Amino acid sequence: MEGSNQVVKHIVIVKFKEEVSPERKEQLIRGFANLVSLIKPMKAFHWGTNVSAENLHQGFTHVFESTFENVEGIAEYVAHPAHVEFANVLLPTLDKVIAIDYKPSPVVDLDFHMSN
């Protein structure tokens, strides 16, 4: 399959429920980060909190980014028992969640300018 060896980014954006304490959030983030040591095709994990000045976040507060070897690696991750177990712990603590997988593309035209 063409492109099956291309790196894939898995982005999860969440809003925790109001009652989830900062300490519990920290535990969950550590658990998410630990998946990289348990699931072979998961090559990297980064996370952060919303700092946008645009106020377009729609209440979402945290972003989690995982890097995978390829699309097949995402499928392996989703089905992996460690991910399933973690998801069963994380999901009940969330008010909102969105997940997107994408293959990073290079910028094609650096001279692009938006016009009115």
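Quantities reported herein were computed from a predicted structural model and do not represent experimental measurements. Numbering starts at 1 and runs along the sequence shown.
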Considering only heavy atoms from C-beta outward, does the side chain of [X] approach that of [Y] to under 4.5 Å?
| X | Y | result |
| --- | --- | --- |
| F16 | L28 | yes |
| K17 | V20 | yes |
| H10 | I74 | yes |
| V7 | N70 | no |

Using the salt bridge (charged side-chain N to carboxylate O under 4.0 Å, His left out) criterion, which residues pair with [X]? Sequence neighbours excluded.
| X | value |
| --- | --- |
| K9 | E65 |
| E26 | R30 |
| D95 | K15 |

- Kindly say whether P104 contributes a backbone atom to a donor-acceptor pair with the side chain of Q6 at under 3.5 angstrom?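 Yes; at least one donor-acceptor contact below 3.5 Å.
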
- Query: In the hydrophobic cluster built from side-chain contacts under 4.5 Å, what are the other members alongside I98?
  - Reply: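 Result for I98 is I11, I13, F60, V63, I100, Y102.
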
Enumerate donor-acceptor pairs with a distance under 3.5 Å from any side-chain N or O in residues 81-93 to protein atoms, sequence neighbours excluded.
| unit_1 | atom_1 | unit_2 | atom_2 | d |
| --- | --- | --- | --- | --- |
| H83 | ND1 | V78 | O | 3.2 |
| N88 | ND2 | V84 | O | 3.2 |
| T93 | OG1 | L90 | O | 2.6 |

- Spatial distance of atom NE2 (H57) from atom CG (N50) [nearest 0.5 Å]: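 The NE2 atom of H57 sits 5.0 Å away from the CG atom of N50.
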
- Task: Show your reasoning for whether side-chain contact (heavy atoms from CB on, under 4.5 Å) applies to I29 and F64.
- Result: CA-CA 9 Å; I29 292 165; F64 305 104; 3.7 Å; yes

Identify each donor-acceptor pair in which a side-chain atom of residues 32-46 lies under 3.5 Å from a protein atom, sequence neighbours left out, and give them as a table.
| unit_1 | atom_1 | unit_2 | atom_2 | d |
| --- | --- | --- | --- | --- |
| N34 | OD1 | S37 | OG | 3.1 |
| S37 | OG | N34 | O | 2.7 |
| K43 | NZ | K40 | O | 3.1 |
| K43 | NZ | E69 | OE2 | 3.1 |

